[in-house]
Chemist: 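Mind having a look at this structure? Questions to follow.
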Amino acid sequence: MNNYGWKTLALAVLPWLAVGASAQQDTVPAMKLVAAPAQTQEPTQQELVAKRDEKMGLEVFKQAPWTFDFDQARADAKQQGKLIFTYFSRSYAH
Amino acid sequence: MVLFTHVTTHVKTDPYQTMLSEMGFTGFPSVAILDAEGRFVEGHVGGAKLDGLVSMLEKAQTYAKDVIAKADAGDKEAQKRFFLDRVERGSIRLADAVKGLEQIANLTKEERSKVEAKLPTLEMNLINGTAWQDRPAANAKLAAMFKAGRIPAGELDANRFLSLVLMDAEAKKDVQLFEAALAKIKVLSAGNPRGKQQIDAVEKRLEKLKEAAKGADGQSGGGTAAKRETK
């Protein structure tokens, strides 16, 4: 892919990347040594499924041929001789 | 380029829920370029700007051509480089790292040692990848790693690990484990200007834990985790 192609792809995916934003921790931060984290109410599996479906249904994911299926992504990449651009997101929290 | 969004959902039946941590990431958003086998090629955590993203994509394309294609064609040096690069980045599954140690014959003694030193980090990543299902059970596994001497190398990984070992010690009122983890934190924080403040905070937690353990002793006739450990 030439430089124009990369830029086109980069522009297509940038809306998902919250330009300039800092990353949110998924697990426990590196030096959270001051106090143990407070216990919070865990969402139910039903609530997590609803949050997942809401996330995957967002309009932004319909503006480019995104897949949420890793097996499908690998099969497509093999068939087309391409790499996989992977965007990691989460639905269990905002 | 195939576009794939991986969503960490915490839905128990969803596949590949440990993928983020197995790629060596701990936060969102993160971006990775994978090859067609799903192996890590390049990555970035946090927000991205256009130039940075283009540069990452170009770097990945070059690496795929110069290293991965050769590795897959049987080039031993390329196989070694691809393996070591993923290990160094922490972007390889524990099982694949162990398999690589067994199968890649041309690793030097030094390279082999570096890979072995990274295994505790990969083990921690694997445990943390499913920790949301049962955090106390995950912390107990990390505490077992600590007791067995399998401590992640590198200040960031070690501190993340030790903070969870402290939580396990508190949950079990295990003063001895807490003190051992604190001693390790003190060694790690020696050159850190913020270290003293952090250690003071942990020492306060230790005092509270000792009080709680004493209380438990009084109630149960001396059967705290700390005492059992020392027997």
Side-chain angles (χ1 to χ4, degrees), chain A residues 1 3 6-7 9-14 16-37 42-43 45 48-49 51-52 55-56 61 64-74 76-92, chain B residues 1-16 19-21 23 25-38 41 45-50 53-54 57-58 60-61 64 128 131-132 155-157 159-160 162-164 166-167 170-171 185 194 198-199 201-202 205:
Chain A
M1 190 181 288
N3 197 41
W6 288 127
K7 283 193 174 171
L9 173 62
L11 280 168
V13 301
L14 264 179
W16 288 265
L17 297 182
V19 177
S22 58
Q24 300 297 307
Q25 287 287 334
D26 179 40
T27 57
V28 176
M31 274 301 265
K32 194 142 191 166
L33 300 175
V34 177
E42 294 295 326
Q45 284 293 298
L48 290 168
V49 167
K51 283 182 174 185
R52 177 198 64 192
K55 179 84 176 194
M56 291 181 177
F61 292 116
W66 290 93
T67 178
F68 297 104
D69 183 336
F70 187 42
D71 294 328
Q72 186 62 54
R74 284 184 294 181
D76 289 349
K78 276 181 194 172
Q79 192 186 24
Q80 298 166 29
K82 290 180 177 174
L83 295 171
I84 304 168
F85 182 95
T86 305
Y87 169 57
F88 288 95
S89 186
R90 62 178 170 180
S91 60
Y92 63 89
Chain B
M1 190 78 67
V2 172
L3 300 178
F4 165 55
T5 294
H6 178 275
V7 183
T8 300
T9 64
H10 288 184
V11 173
K12 287 178 181 171
T13 51
D14 283 354
Y16 305 113
M19 195 170 163
L20 181 89
S21 58
M23 291 293 165
F25 293 121
T26 57
F28 301 97
S30 292
V31 172
I33 308 297
L34 311 179
D35 73 355
E37 299 291 339
V41 182
V45 64
K49 291 184 178 172
L50 180 60
L53 203 52
V54 169
L57 296 169
E58 287 175 341
Q61 186 79 346
N128 278 336
W132 57 271
E155 192 179 346
L156 196 68
D157 287 334
N159 278 322
R160 180 177 293 119
L162 291 166
S163 70
L164 298 169
L166 291 178
M167 284 171 65
E170 284 178 319
I185 289 166
R194 282 172 35 208
Q198 288 161 338
I199 286 166
V202 178
R205 287 170 64 185

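Order of the sequence lines fixes the chain letters, A, B, ..., with proteins taken first and strands second; residue numbering starts at 1 for each chain.
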Chemist: Name the region of A:K78, side chain, backbone, both or neither, that has any atom closer than 4.5 Å to a heavy atom of chain B.
Modeler: both

Chemist: I'd like to know which of B:G38, B:P15, B:A131 tops the heavy-atom pair count under 4.5 Å against chain A.
Modeler: B:G38

Chemist: Measure the acute angle between the ring planes of B:H10 and A:Y92, then classify it against the limits of 30° and 60° as parallel, tilted or perpendicular.
Modeler: parallel

Chemist: Answer with side chain, backbone, both or neither: which region of B:A64 has an atom nearer than 4.5 Å to a non-hydrogen atom of chain A?
Modeler: side chain

Chemist: For B:M23, which atoms come within 4.5 Å of any heavy atom of chain A: side chain, backbone, both, or neither?
Modeler: side chain

Chemist: Is the shortest side-chain heavy-atom distance between B:L166 and B:V202 below 4.5 Å?
Modeler: yes

Chemist: Does the side chain of B:T9 pick up a donor-acceptor pair with the side chain of B:D14 at under 3.5 Å?
Modeler: yes

Chemist: With sequence neighbours left out, which residue pairs that include part of residues 2-11 of chain B fulfil the salt bridge (charged side-chain N to carboxylate O under 4.0 Å, His left out) condition?
Modeler: none

Chemist: Let me know if B:A60 has heavy atoms under 4.5 Å from chain A in its side chain, its backbone, both or neither.
Modeler: both

Chemist: Among residues at least two apart in sequence or on other chains, which ones pass side-chain contact (heavy atoms from CB on, under 4.5 Å) with A:Q45?
Modeler: A:L48, B:V11, B:K12, B:W132

